[in-house]
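Remarks on the structure that follows.
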Protein chains: 2
Amino acid sequence: MAIPSSESSRQDNTLAVIRALRSQGPMARVDLGASNDISSATVTAITTELLGQALVSELPPGMHRDNGRGRPKTLIQLNPDAVFVVCVKLSINEVQIVVGDFVGQVRHSELHSLATLALTQEELCAFLVDKIEALSSQLRDTYSRFAGICLAVQGIVSPHNGTIIWSPALRFRNAPISSRLAAVFGCPVLLENDANCIARSLASQPEYAAYPHMVVIMLGYGIGMSVLIDGQPFIGANGSAAELGHSKYEPGGALCSCGRRGCIEAYVGDYALYREARTMLSLPAGDSAHPSEEQMQALTQLAMRGDPVARQIFGKAGRALGYGIANVMALFNPDLVLITGAGVRGYPAMRSEVEQAIDDALVEELIGLTRVATCPWDRDMTCLGGIAMTLHATDPATLSAPSSLLRLQD
Amino acid sequence: MAIPSSESSRQDNTLAVIRALRSQGPMARVDLGASNDISSATVTAITTELLGQALVSELPPGMHRDNGRGRPKTLIQLNPDAVFVVCVKLSINEVQIVVGDFVGQVRHSELHSLATLALTQEELCAFLVDKIEALSSQLRDTYSRFAGICLAVQGIVSPHNGTIIWSPALRFRNAPISSRLAAVFGCPVLLENDANCIARSLASQPEYAAYPHMVVIMLGYGIGMSVLIDGQPFIGANGSAAELGHSKYEPGGALCSCGRRGCIEAYVGDYALYREARTMLSLPAGDSAHPSEEQMQALTQLAMRGDPVARQIFGKAGRALGYGIANVMALFNPDLVLITGAGVRGYPAMRSEVEQAIDDALVEELIGLTRVATCPWDRDMTCLGGIAMTLHATDPATLSAPSSLLRLQD
DNA sequence: GACTTTATTTTAGCGCCTAAAGTAAAACGA
DNA sequence: TCGTTTTACTTTAGGCGCTAAAATAAAGTC
């Protein structure tokens, strides 16, 4: 697990330069120095090194407006093709594999249908090795180095030993997948919860830069959450923190998919909404325990158009969600609670109840300056976040070593 | 606020040496090197510097058993009298002022009765300045340097600008007390929530060293909590995180002291227990909205002896507390939940209900390896923790400067 | 008393940083 | 047009703080 610690000062500074270039785009040496508190002499040293490794290049002059006197700035940019990383998103019956370049852009994406719940650990491993190997032999021409893999999975994931402790997509438990991939490909493998990937992707957007303590709630079949503390996902002792979906709304309340009662998810999850609705409303046919996007759209439309029964269902969900958010506010005191996920489509129909519930639950002091906002849903955010996290964790020192070049032969 | 950041490497290492000596007692240079990953050459350099500043001294040989061959170790110890810090604990109608030495031991303690709720900000400040000034002129002979003040207060405290945002002990709000004291005494002033002080004090005990993610719940008139993430108190965006007492048990439930309904505190706080009990049991007279220690003892005794009504009251409280702990587990996934506070006296009467409620609320995966334990209550832990935090934050560089010497004359 | 073992100090040298001096490349202005 | 000014980048000289290794110190062992 080559996550760069603060070993040498030079390492830190090199990393800081690369990250600044990634998040802020091409920059001149002076500005790199200023924004990272490094003398420009040091920046020169670092950039010469990076130019030598072809990790960055100088932007040809004249490309950018440089109004003002004095010697014009020479902008440095990351070389997109210097490095590639792979992010694998593992969901129920679906595996998405995405390739990202050194600047964090998605360069390739493929979707595989796969009966994940029927797989053994070996079969999953073999599948992933196969697909990633195929990709990398293809990409070998374009990119110089293969810097890492991110496995974004639903469920509980242990950060320490890189095992999938539990996932709704898999039959088996405590799978040391990440070390097995690391052994095959000889590169670091990040194992991440999918919600944390999404949150990291959102947090890197400039509009959320002012919120270091951000909570992202993902509405969907279940309820996911990621808590960013100073921009870092909070995972707890064993990776099972931030389980908002199974925190409680009412003791002994509605039955949850986990088998317990009164979980927030049992009121707000897609299946919970549909469960309430199907008995009272005429809705598209289908597996009502696992409503499809179309089914949910239909239900949402009803509520949006003012159907009283549908409105009441969403209102009740909103109340449960609001109480859940109130607990999150009381316990985490975030700057911002951001609501997203496929289920945001129905949020307008719950909004007033959510807000009312928060006000009912908490005194002003505990709501404090916390804002609640929504954000449109985009399926690709998971992999974007996974790519960002993998690149963020990439140690420039290992990139220079030839050992990180592709070596799938062994 | 001179909290030492990781400026120079030497600073970091010096701090590490001092902290090791404080937490592990006298040590030889080799061992200081080994336990902090520093070469023993560097340790020599650091200790010579510290010896010069009289912050440490060499233990005379022969004091310690040194069975084995080779040159005997020379143990280095902190000089207790090199530094003193003051911790002020501000509670309703009571101010405790404690002096701690360089090793973290309490060397003096005084208790003042004071109608805190009647004070203006100026009066409180004047009171504190007066008492601390008196103390320090007294202590000037014994100690060399006055390194800092810790203000441990109940309520919400902002870490950023050092203001008391809200405290049940005070009438006024948003008080920039800490900067005012800092200006008068010319030393750093830490403003801390009292629960965090207690938690830090507990966490420093060796028996809890294996639990980096620890949650400490304090039962009493209200319900306090501190969440330690990697040993550091988690305070959230504005210092109001970890408010377990006002997280919800039942929407629309029992009336809480905060004015809202269904808060955990409204079931588990002393006042809530007594409120239930007084109508049904014969208990000592007194202000039943603010039960005294004697009143609570009497109630607890009844429950312990098996009185069915009292048992039921504690059982209901245990259920509420259990659900609260379940939410904490789902959201923070701690290694350990430690229950303490004056109210632990009644915990045995709730224990089985707490455990049952946690099992009812969460599936195994979310309970994970988290343990729940209790810990005897000691009033002095707050100040001990405050002293530890102040010392921990003390920058050795500022200690060497003469500016940190007492200078109350100006 | 020579030898072994362990602790501490001294020495030599390395890596990385910075300030300051030097160089480069523009715009400005007479 | 050409010096002047301004800003960017590079080179140089020197310092800080670390480490490995050598030197020294202070025991026990045989």
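Residue numbers begin at 1 in each chain, while the letters A, B, ... track the order of the sequences.
- For A/Lys73 and C/dA27, the NZ to P distance is 15 Å, given to the nearest whole Å.
- Residues from residues 29-37 of chain A with heavy atoms under 4.0 angstrom of DNA chain C, sorted by number: A/Asp37.
- Rounding to the nearest 0.5 Å places CZ of A/Phe146 at 5.0 Å from CZ of A/Phe84.
- Closest non-hydrogen pair, A/Phe102 versus A/Arg22, comes out as O-NH1, 2.7 Å.
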Give me the distances for all protein-to-nucleotides 26-30 of chain D N/O pairs that come in under 3.5 Å?
| unit_1 | atom_1 | unit_2 | atom_2 | d |
| --- | --- | --- | --- | --- |
| D/dA26 | N3 | B/Arg71 | N | 3.4 |

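- For A/Arg180, the salt bridge (charged side-chain N to carboxylate O under 4.0 Å, His left out) partners two or more places apart in sequence, or in a different chain, are A/Glu122.
- The stretch residues 39-47 of chain A touches DNA chain C through A/Ser39, A/Ala41, A/Thr42, each having a heavy atom within less than 4.0 Å of the strand.
- Following rounding to the nearest Å, B/Arg10 (CZ) and C/dC16 (P) show an atom-to-atom distance of 19 Å.
- Scanning for side-chain hydrogen bond (donor to acceptor under 3.5 Å, both in side chains) contacts around A/Thr42 gives A/Ser39, with sequence neighbours left out.
- A rotation axis mapping the C1' atoms of four pairs onto the next four is fitted at both ends of the helix from C/dG1-D/dC30 to C/dA30-D/dT1 over five pairs, and the angle between these axes is 20° to 10 degrees.
- Here B/Thr74 lies in heavy-atom contact (under 4.0 Å) with sugar-phosphate atoms only.
- Every salt bridge (charged side-chain N to carboxylate O under 4.0 Å, His left out) that A/Arg29 has, sequence neighbours left out, goes to A/Glu58.
- With sequence neighbours left out, the salt bridge (charged side-chain N to carboxylate O under 4.0 Å, His left out) criterion links A/Asp335 to no other residue.
- In this structure, the separation between CG on B/Leu21 and CG on B/Asn79 is 11.5 Å, given to the nearest 0.5 Å.
- Atoms CD1 (B/Ile76) and P (C/dT8) sit 8 Å apart, rounded to a whole Å.
- Under the rule for a salt bridge (charged side-chain N to carboxylate O under 4.0 Å, His left out), the partners of B/Arg107 that lie at least two apart in sequence or sit in another chain are B/Asp81, B/Asp101.
- The two residues A/Met214 and A/Tyr208 make their nearest non-hydrogen contact at SD-CB, 3.9 Å.
- For the pair B/Glu58 CD and C/dT8 P, the computed distance is 9 Å after rounding to whole Å.
- Taking both residues in full, the closest heavy atoms of B/Thr390 and B/Thr394 are given as O-OG1, 2.8 Å, listed atom of the first, atom of the second, then distance.
- Judged as a side-chain hydrogen bond (donor to acceptor under 3.5 Å, both in side chains), and not counting sequence neighbours, B/Asn193 has no contacts.
- For A/Asn13 and C/dC17, the shortest distance from a side-chain N or O to OP1 or OP2 is below 4.0 Å.
- Per the geometry, CD belonging to A/Glu49 stands 16 Å off C1' belonging to D/dT10, to the nearest Å.
- Atom CD1 in B/Ile38 sits about 15 Å away from atom C1' in C/dT8, given to the nearest Å.
- Every residue two or more places apart in sequence or in another chain that forms a side-chain hydrogen bond (donor to acceptor under 3.5 Å, both in side chains) with B/Gln77 is listed here: B/Ser57.
- Looking at residues two or more places apart in sequence or on another chain, you find no side-chain hydrogen bond (donor to acceptor under 3.5 Å, both in side chains) involving B/Arg69.
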